[in-house]
Protein chains: 2
Amino acid sequence: MHDSSTTGLPPSWRATRQRGAVLRALHDAADFTSARELHGALMADGAVVGLTTVYRTLRLLEREGRVDIVRDEAGERLYRSRPADGHRHYLVCRRCGMSLAVAAEAVERWADDVVAATGFSAVEHTVELSGICEPCGTRPDRGSPHP
Amino acid sequence: MHDSSTTGLPPSWRATRQRGAVLRALHDAADFTSARELHGALMADGAVVGLTTVYRTLRLLEREGRVDIVRDEAGERLYRSRPADGHRHYLVCRRCGMSLAVAAEAVERWADDVVAATGFSAVEHTVELSGICEPCGTRPDRGSPHP
DNA sequence: TTCGTTGCAAAAGGTTTGCATACCA
DNA sequence: TGGTATGCAAACCTTTTGCAACGAA
């Protein structure tokens with residue numbers, strides 16, 4: 001379960017224990033996760049991986065377009081492995097961190113319109129949505145994630 | 001021209017030379033500007049203001065909703081005084097930094113739809129658009145801002 | 001006079017880099 | 001074996017904070 005064919009490592013990379021572990025941890029994380037959290041999860045799991053390696057692996061994945069990245073309010077980068085189906089926008093709960101991929105055709109269309117209207121080229125867009133999810137909204141006192 | 005009635009300082013603030021200078025520099029900057037750039041512009045202008053004060057003033061403006069904030073790819077915060085008409089989304093040129101307020105009703109509507117569809121509440125959204133503006137696209141070799 | 005404001009220096013926090021070592025191919 | 005990847009420590013950068021001095025009201 002750790003060879004490159006199942007971890008999904010790009011063929012040009014060397015398949016190392018550390019990269020496999022990072023990739024697996026990233027995949028296991030249900031929601032957007034910071035490098036530190038990822039590193040902590042790896043340690044808790046018994047996988048010994050340096051924080052530096054976590055950062056470097058995430059950076060590689062970023063270059064390959066294999067992760068979506070958002071920033072929390074503090075500016076920390078949060079990563080999530082990008083599904084193959086092209087979803088790229090998320091609604092993240094500010095309280096528990098749960099994230100939800102949302103259909104964004106409307107935004108894509110809008111971005112295209114902007115390109116046409118302004119004369120800009122190579123337009124890229126980032127959309128970040130945050131709110132309070134229904135379970136969290138129902139339990140206003142709880143700060144901890146709901147099961 | 002430096003009293004609080006023209007600098008637009010909130011009445012609850014103390015009108016100090018430094019805050020007036022930061023506010024003026026922010027207003028003079030055509031496009032999104034970092035705290036460091038603002039500080040540099042102030043120094044170049046002969047206004048002696050500590051970097052700390054620039055940060056603190058920007059933070060106050062942020063709390064009052066008087067500035068729009070985007071993050072560049074490095075995560076640095078860029079500030080721009082918010083026009084009174086409620087524009088809140090911008091298209092920023094990656095080459096020269098020029099920014100353009102864009103109509104975003106479509107996005108606002110879409111965000112509202114998302115709220116309705118997901119059960120999330122208190123949804124906030126951030127949209128960042130970047131591209132290459134027409135003048136920059138016409139002069140592919142130039143890295144400097146065009147006049 | 002009073003209390004908010006300033007500025008320096010230092011801390012904080014996340015992310016990157018230098019360099020010697022370990023290891024995949 | 002050869003070149004990549006790793007990991008530690010230290011560097012980097014932006015932003016925040018502690019604290020004594022300053023100044024607007």
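Throughout, protein chains are lettered first and strands after them, A, B, ... in sequence-line order, and every chain is numbered starting at 1.
Side chain to side chain, A:Tyr90 and A:Asp68 meet the donor-acceptor criterion of an N or O pair below 3.5 Å.
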Would you list the atom pairs, donor with acceptor, under 3.5 Å between side chains in residues 38-50 of chain A and any protein atom, with sequence neighbours excluded?
from    : atom 1 : to      : atom 2 : distance (Å)
A:His39 : NE2    : A:Val49 : O      : 2.9

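Rotation axes derived from the C1' atoms of the five outermost pairs at either end of the helix from C:dT1-D:dA25 to C:dA25-D:dT1 lie 30° apart, to the nearest 10°.
Looking at residues two or more places apart in sequence or on another chain, you find no side chain to side chain donor-acceptor pair (under 3.5 Å) involving A:Asp28. Remark: B:Thr118 engages no residue in a side chain to side chain donor-acceptor pair (under 3.5 Å) (not counting sequence neighbours). Residues passing the salt bridge (Lys or Arg N to Asp or Glu O under 4.0 Å) test with B:Arg56, sequence neighbours excluded: none. Residues satisfying the side chain to side chain contact (heavy atoms under 4.5 Å, CB included) test with B:Val123, not counting sequence neighbours, are A:Leu91, A:Leu129, B:Val115, B:Phe120. By the ring-ring contact (aromatic ring centres under 6.0 Å, His included) test, A:Tyr55 is found to be paired with no residue, residues two or more places apart in sequence or in another chain being considered. A:Glu73 pairs by the salt bridge (Lys or Arg N to Asp or Glu O under 4.0 Å) definition with nothing, not counting sequence neighbours. Under the salt bridge (Lys or Arg N to Asp or Glu O under 4.0 Å) criterion, B:Glu108 pairs with no residue, sequence neighbours left out. For A:Arg80, the side chain to side chain donor-acceptor pair (under 3.5 Å) criterion is met by A:Ser99, not counting sequence neighbours.
Counting any heavy atom pair closer than 4.0 Å across all strands shown, B:Val22 reaches no nucleic acid atom. Nucleic acid contact for B:Val48: sugar-phosphate only, since backbone atoms but no base atoms lie under 4.0 Å from a heavy atom of the residue.
Rounded to an integer number of Å, the gap from B:Leu60 CG to D:dT15 P is 16 Å. Between the CZ atom of A:Arg59 and the P atom of D:dT6 there is a distance of 14 Å, given to the nearest Å. As a whole-Å value, the separation of A:His39 NE2 from D:dT6 P is 13 Å. Between B:Leu51 atom CG and D:dT15 atom C1' the separation is 9 Å, expressed in whole Å. Between the C1' atom of D:dC12 and the CD atom of B:Glu76 lies a distance of 13 Å, rounded to the nearest Å. Rounded to a whole Å, the CG atom of A:Leu58 is 15 Å from the C1' atom of D:dT6.
In 5' to 3' order, the nucleotides of DNA chain C bounding all contacts with chain A (an atom under 4.0 Å from a heavy atom) are C:dG14 to C:dA25.
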Using nucleotides 18-23 of chain D, report all nitrogen or oxygen pairs with the protein that are shorter than 3.5 Å.
from   : atom 1 : to      : atom 2 : distance (Å)
D:dG23 : N2     : B:Arg14 : NH1    : 2.8

CA sep, side-chain torsions, deciding dist, call: B:His89, B:His125, ring pair (Phe, Tyr, Trp, His ring centres under 6.0 Å): CA-CA 10 Å; B:His89 299 297; B:His125 63 276; 5.3 Å; yes
